[in-house]
Amino acid sequence: MTHPPLKAVTLTHVRYQKGDQFGHFLAWVSLVPVFVSLGGFVSHFIFRRELQGMFFALGLLISQVVNEFIKTSVQQARPETCSLLEMCDSHGWPSSHSQYMFFFAIYFTLLTYFKIGVLGRNQMWVSGLVVWPMAVLTMYSRVYLGYHTVAQVFAGAGLGLVLGGGWFWVVNSMLRCYFPTIEESAFGRLFYVKDTSHIPNVLKFEYENARAARKHVSYKRSD
């Protein structure tokens with residue numbers, strides 16, 4: 001009795017050459033999109049429930065759907081090293097990891113520059129010293145580890161920049177006016193969904209209101 005070939009779940013299935021410490025490091029870097037999705041956006045919804053963050057995550061999801069559609073349509077093979085990585089049954093153009101990280105980087109930078117959310121323009125160094133280097137490292141890791149060609153990662157990065165910048169414009173020019181309606185909806189009230197885009201300094205606002213609430217009996221915990 002013959003069994004069909006097995007296929008690995010590629011979400012965290014990253015391989016590197018045994019004994020290559022730099023490759024080991026880049027293998028972890030290659031998993032940054034997973035950490036951002038599961039650690040960043042899931043915890044954001046649990047603890048903050050900001051509409052800007054939700055639409056940020058929605059944009060990344062749409063970007064990945066676009067990536068998969070293009071990969072299926074173009075069907076460009078991965079480099080020859082795909083046989084060692086057991087990845088030859090999937091397509092390589094454009095790189096989804098690069099697309100994800102560059103979408104994230106441009107959207108995060110625009111949020112910071114326009115002072116939307118927790119970070120303000122004086123925290124732009126976070127983008128320059130953390131987000132963009134991580135995006136470039138992720139792109140490099142996919143080539144170094146043999147999952148993509150240089151052309152494939154640059155295609156993913158370029159597409160991520162275009163989609164990220166475009167989605168930021170759509171959200172903040174066309175959809176943001178509906179945020180108050182979402183806040184007042186049954187969904188918004190049930191899950192305490194909010195929008196703080198109109199507040200110049202969210203951290204200061206929350207800090208001052210938390211201190212002020214301490215003085216009011218109605219806000220004190222019953223226990």
Nearest-0.5 Å distance that lies between atom CG in Leu26 and atom OG1 in Thr138: 9.0 Å

With Glu68, which residues qualify under side chain to side chain donor-acceptor pair (under 3.5 Å), at least two apart? none

Among Tyr107, Phe104, Phe103, which residue meets the ring-ring contact (aromatic ring centres under 6.0 Å, His included) test with Phe168? Tyr107

Evaluate the side chain to side chain contact (heavy atoms under 4.5 Å, CB included) criterion for residues Phe102 and Val136: first the C-alpha distance (whole Å), next the side-chain angles of each, then the deciding distance (0.1 Å), finally the verdict. CA-CA 8 Å; Phe102 277 81; Val136 173; 4.2 Å; yes

Under the rule for side chain to side chain contact (heavy atoms under 4.5 Å, CB included), what residues qualify as partners of Phe154, not counting sequence neighbours? Met139, Val150

Rounded to the nearest 0.5 angstrom, the CG-CZ distance for Asp195 and Arg49 is 16.0 Å

Single-linkage hydrophobic cluster Val162~Phe108, side-chain heavy atoms < 4.5 angstrom: no

With sequence neighbours left out, the residues meeting side chain to side chain donor-acceptor pair (under 3.5 Å) with Ser73 are none

Residues that Asn209 engages under side chain to side chain donor-acceptor pair (under 3.5 Å), provided they are two or more places apart: none

Applying side chain to side chain donor-acceptor pair (under 3.5 Å), name anything that partners Arg211, two or more places apart in sequence or on another chain. none

Kindly state each residue pair satisfying side chain to side chain donor-acceptor pair (under 3.5 Å) with at least one member in residues 17-31, sequence neighbours excluded. Asp20-Tyr144, His24-Trp28, Ser30-Arg142

Hey, are the side chains of Tyr147 and Arg15 touching, using non-hydrogen atoms and a 4.5 Å cut-off? yes

Scan residues 160-170 for pairs that pass side chain to side chain donor-acceptor pair (under 3.5 Å), counting only residues two or more places apart or in two chains. Trp169-Ser173

Do Tyr192 and Phe179 belong to the same hydrophobic cluster, where Ile, Leu, Val, Met, Phe, Trp and Tyr are linked whenever their side-chain heavy atoms lie under 4.5 Å apart, directly or via other members? no

For Gln99 and Pro94, work out which heavy atoms get closest and say how close. OE1-CG, 3.8 Å

To the nearest 0.5 angstrom, please state how far the CG atom of Leu51 sits from the OH atom of Tyr178. 14.5 Å

May I ask you to list the residues sharing a hydrophobic cluster with Val65, side-chain cutoff 4.5 Å, ordered by chain and number? none

Are Leu190 and Ile182 joined in one hydrophobic group, where the rule is that I, L, V, M, F, W and Y side chains link up if heavy atoms are under 4.5 Å apart? yes

Taking every non-hydrogen atom, the tightest pair across Trp93 and Ala151: NE1-O, 4.0 Å

Would Gln152 and Ser95 count as having a side-chain donor-acceptor pair, cut-off 3.5 Å? no

Side chains of His91 and Arg78: donor-acceptor distance under 3.5 Å anywhere? no

Could you tell me which non-hydrogen atom of Leu145 sits nearest to which non-hydrogen atom of Gly23, and how far apart they are? CD2-O, 3.6 Å

According to the salt bridge (Lys or Arg N to Asp or Glu O under 4.0 Å) rule, which pairs have a member within residues 178-189, sequence neighbours left out? Glu184-Arg189

Taking Gln75 for its side chain and Thr72 for its backbone only, find out whether a donor-acceptor pair lies under 3.5 Å. yes

Contact check, side chains of Tyr100 and Asn67, non-hydrogen atoms, under 4.5 Å: no

Could you pull out all residues at least two apart from Thr109 that satisfy side chain to side chain contact (heavy atoms under 4.5 Å, CB included)? Met124, Ser127, Trp132

Got a second to check how far Ser96's OG is from Lys71's NZ, nearest 0.5 Å? 3.5 Å

For the atom pair CE (Met101) and CG (Leu60), what is the distance rounded to the nearest 0.5 Å? 9.5 Å

Would a 4.5 Å heavy-atom cut-off, applied to side chains only, mark Val153 and Thr149 as touching? no

Walk me through whether Asn172 and Phe114 qualify under side chain to side chain contact (heavy atoms under 4.5 Å, CB included). CA-CA 10 Å; Asn172 290 283; Phe114 289 104; over 6 Å; no

Report yes if the distance between the aromatic ring centroids of Phe187 and Phe191 is under 6.0 Å, otherwise no. yes

Measure the shortest side-chain to side-chain distance between Phe56 and Leu61 over non-hydrogen atoms and say whether it is less than 4.5 angstrom. no

Inspect the surroundings of CZ in Phe35 and state if more than 12 heavy atoms from other residues, nucleotides or ligands are less than 6.0 Å away. yes

List, by chain and number, the other hydrophobic cluster members for Ile46, where Ile, Leu, Val, Met, Phe, Trp and Tyr join if side-chain heavy atoms come within less than 4.5 Å, directly or indirectly. Val42, Phe47

Qualifying salt bridge (Lys or Arg N to Asp or Glu O under 4.0 Å) pairs with a residue from residues 50-65, counting only residues at least two apart or across chains: Arg48-Glu50

All heavy atoms of Pro79 vs all of Gly146, minimum pair found to be CG-O, 3.3 Å

Would one find more than 12 heavy atoms of other residues, nucleotides or ligands at under 6.0 Å from atom OH of Tyr207? no

Calculate, to the nearest 0.5 Å, the distance between atoms CD and OG1 belonging to Gln52 and Thr196 respectively. 8.0 Å

